[in-house]
Number of protein chains: 2
Amino acid sequence: MNFHLSFHLNEKVYLRDPESSELGKRLIKSAIDLIYELGFEHFTFKKLALEVNTTEATIYRYFENKHRLLLYILNWYWSYMEFLVMFRLQNMTDPKEKLKTIIELLTQELPESSGMMDYNKRYLNQIIISESSKVYLVKEVKEINKSEVFKPYKDLCAKIAEVVTEYNPDYQYPRSLSSTLIETSHFQQFFSNYLPKLTDVGALGQKDYTALFLSNLLFTVLGDQSLK
Amino acid sequence: MNFHLSFHLNEKVYLRDPESSELGKRLIKSAIDLIYELGFEHFTFKKLALEVNTTEATIYRYFENKHRLLLYILNWYWSYMEFLVMFRLQNMTDPKEKLKTIIELLTQELPESSGMMDYNKRYLNQIIISESSKVYLVKEVKEINKSEVFKPYKDLCAKIAEVVTEYNPDYQYPRSLSSTLIETSHFQQFFSNYLPKLTDVGALGQKDYTALFLSNLLFTVLGDQSLK
DNA sequence: TTTAAACAATAGTAATACTACTATTTAAAT
DNA sequence: ATTTAAATAGTAGTATTACTATTGTTTAAA
């Protein structure tokens with residue numbers, strides 16, 4: 001079976017839909033490669049233009065600036081992640097199983113291919129971990145937020161919060177716990193890799209360290225409902 | 001009583017100690033004001049130079065670049081926070097009280113004055129919340145980390161982890177929990193302010209929302225040891 | 001009184017972020 | 001089939017940012 005997945009992303013993110021042209025698609029693909037390679041700070045439209053054999057001015061017709069381009073990539077990721085959560089939770093009844101699956105999705109690499117653009121998943125993952133917070137930790141958040149471009153993040157958060165409430169209806173902070181889960185999955189992966197003293201990975205460097213930490217955290221906070 | 005607090009910050013952070021001259025001190029003070037006002041992305045040495053009536057080149061003699069200047073401010077903050085934790089925990093015996101105090105320190109504004117430089121504490125606080133992660137979420141972390149400039153952060157984290165272990169010696173992830181506590185205190189404050197849908201603040205907008213969320217989280221994860 | 005070191009300012013360059021304008025292609029209208 | 005206009009990409013710039021080589025001035029030690 002071969003199917004194509006695409007998401008309708010908020011038009012406010014771009015000036016011209018990169019999905020609407022070949023050049024646009026190459027733009028996104030190469031942007032992911034370059035942002036991974038250089039880090040967002042050193043990534044420029046000039047370098048991206050060189051990579052896809054076009055000019056800066058052309059890229060500016062697609063995106064207002066590099067911040068918006070990153071926002072586009074993240075909107076895509078958040079939408080995809082919400083889809084994956086929905087897909088994987090299909091036909092599951094046990095909310096504990098559901099939460100375990102969510103942690104797995106948040107801490108493991110994205111599944112390679114499966115009916116969607118062949119973005120480099122490993123690179124995309126690293127971008128999510130290292131760069132995602134930079135789209136909202138800016139002076140202009142309030143203004144940017146008005147155009148609803150953070151909706152995919154909020155939706156993902158709400159979906160996880162739903163499962164949290166399903167697991168423990170008495171828990172008071174389902175949304176904050178969900179956003180904490182998402183953000184913590186990012187920086188604990190980052191820390192265990194680059195600043196291990198801020199974690200307890202130890203010399204062994206367990207592969208699923210972050211998943212273990214988050215599982216322990218989540219199921220202690222929500223109580224082991226199997227005991228009830 | 002009037003006393004002066006100063007920390008010996010790692011020389012690798014700066015080229016020339018800003019504490020060693022009047023101009024240097026004004027530099028830091030104005031940098032805090034400007035970074036708060038403009039956000040780190042829009043903050044430049046040119047603008048800072050204009051503010052303190054000097055030139056870019058002069059600022060470059062103190063700091064390699066604006067990233068290092070931010071790192072200096074954060075080193076100062078982390079050191080100060082570790083001092084505050086140590087100071088406030090003095091003569092406390094109950095580890096639960098200690099943890100409560102730590103959460104208070106992490107979520108409330110820094111005490112105005114108390115024997116140290118009159119940096120604008122409210123601005124400094126907002127900088128910690130919005131900009132701090134930008135000093136390590138960069139491509140060059142590994143290289144930068146070698147010069148030990150993140151030691152104050154690691155020390156603060158270790159100090160909190162100590163109290164965590166004191167409260168519950170069986171808990172397996174004291175350091176990860178501590179770094180999660182610190183980071184979560186930042187972005188839950190940010191979210192509840194700018195992206196409230198990612199939290200449960202509701203319309204009321206409780207003043208101590210983040211502290212309440214963190215307390216609940218921390219003491220559930222570590223178990224209510226008073227029951228033992 | 002000399003001298004050298006410490007410090008700050010001048011005057012630049014290269015890279016980055018962004019834009020006005022022009023040329024070309026595509027496709028719809030006549 | 002030809003005209004026309006809309007869409008698209010490219011040229012050629014500017015202002016700002018990040019950073020440096022060099023010169024000039026002050027300070028304090030010899």
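This structure is a prediction, so every number in the text was calculated from the model and none was measured. Values reported hereafter were calculated over all heavy atoms of this structure, with side chains retained and with hydrogens, waters and symmetry mates removed. Throughout, protein chains are lettered first and strands after them, A, B, ... in sequence-line order, and every chain is numbered starting at 1.
Applying the salt bridge (Lys or Arg N to Asp or Glu O under 4.0 Å) rule to A:E104 yields the partners A:R88; only residues at least two apart in sequence or on another chain are considered. Taking A:E162 as the reference, nothing meets the side-chain contact (heavy atoms from CB on, under 4.5 Å) condition, with sequence neighbours excluded. In this structure, B:K154 has no salt bridge (Lys or Arg N to Asp or Glu O under 4.0 Å) partners at least two apart in sequence or on a different chain. By the side-chain hydrogen bond (donor to acceptor under 3.5 Å, both in side chains) test, B:H67 is found to be paired with no residue, residues two or more places apart in sequence or in another chain being considered. With sequence neighbours left out, A:F187 forms a ring pair (Phe, Tyr, Trp, His ring centres under 6.0 Å) with A:F191. Checked against side-chain hydrogen bond (donor to acceptor under 3.5 Å, both in side chains), A:Q90 has no partners two or more places apart in sequence or in another chain. For A:Y194, the side-chain contact (heavy atoms from CB on, under 4.5 Å) partners are A:F190, B:V141, B:K142, not counting sequence neighbours. A:D155 is linked by a side-chain hydrogen bond (donor to acceptor under 3.5 Å, both in side chains) to A:K151, counting only residues two or more places apart in sequence or in another chain. Among residues two or more places apart in sequence or in another chain, the side-chain contact (heavy atoms from CB on, under 4.5 Å) test is passed with A:S133 by A:Y136, A:L137, B:S133, B:L137.
The distance between atom CG of B:L34 and atom P of D:dT17, rounded to the nearest whole Å, is 12 Å. B:F63 places its CZ atom 16 Å from the P atom of D:dT20, with the value rounded to the nearest Å. Rounding to whole angstrom units, CG of residue A:L69 and P of C:dA17 are separated by 12 Å. Separating the CG atom of B:D17 from the C1' atom of C:dC7 is a distance of 15 Å, rounded to the nearest angstrom. Residue A:H67 contributes atom NE2, which lies 12 Å from atom P of C:dC18 at whole-angstrom precision. Protein atom NZ of B:K66 is 16 Å distant from nucleotide atom P of D:dT16, rounded to whole Å. Rounded to an integer number of Å, the gap from CD1 of B:I59 to P of D:dT17 is 13 Å.
Between the axis at the start and the axis at the end of the helix from C:dT1-D:dA30 to C:dT30-D:dA1 there is an angle of 10°, using five pairs per end and rounding to 10 degrees.
For residues 41-52 of chain B, proximity to DNA chain C is found at no residue, defined as any non-hydrogen atom under 4.0 angstrom from a strand atom.
Relative orientation of the A:W78 and A:Y153 rings is parallel, given thresholds of 30° and 60° on the angle between their planes.
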Practice problem: Mark up nucleotides 8-14 of chain D, 5' to 3', with B wherever a protein heavy atom is under 4.0 angstrom from a base atom, S wherever such an atom reaches only the sugar-phosphate, and - elsewhere. | Solution: SBBB---
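Side-chain contact check for A:Q188 and A:T199: no donor-acceptor pair (N or O, by modelled atom type) lies under 3.5 Å.
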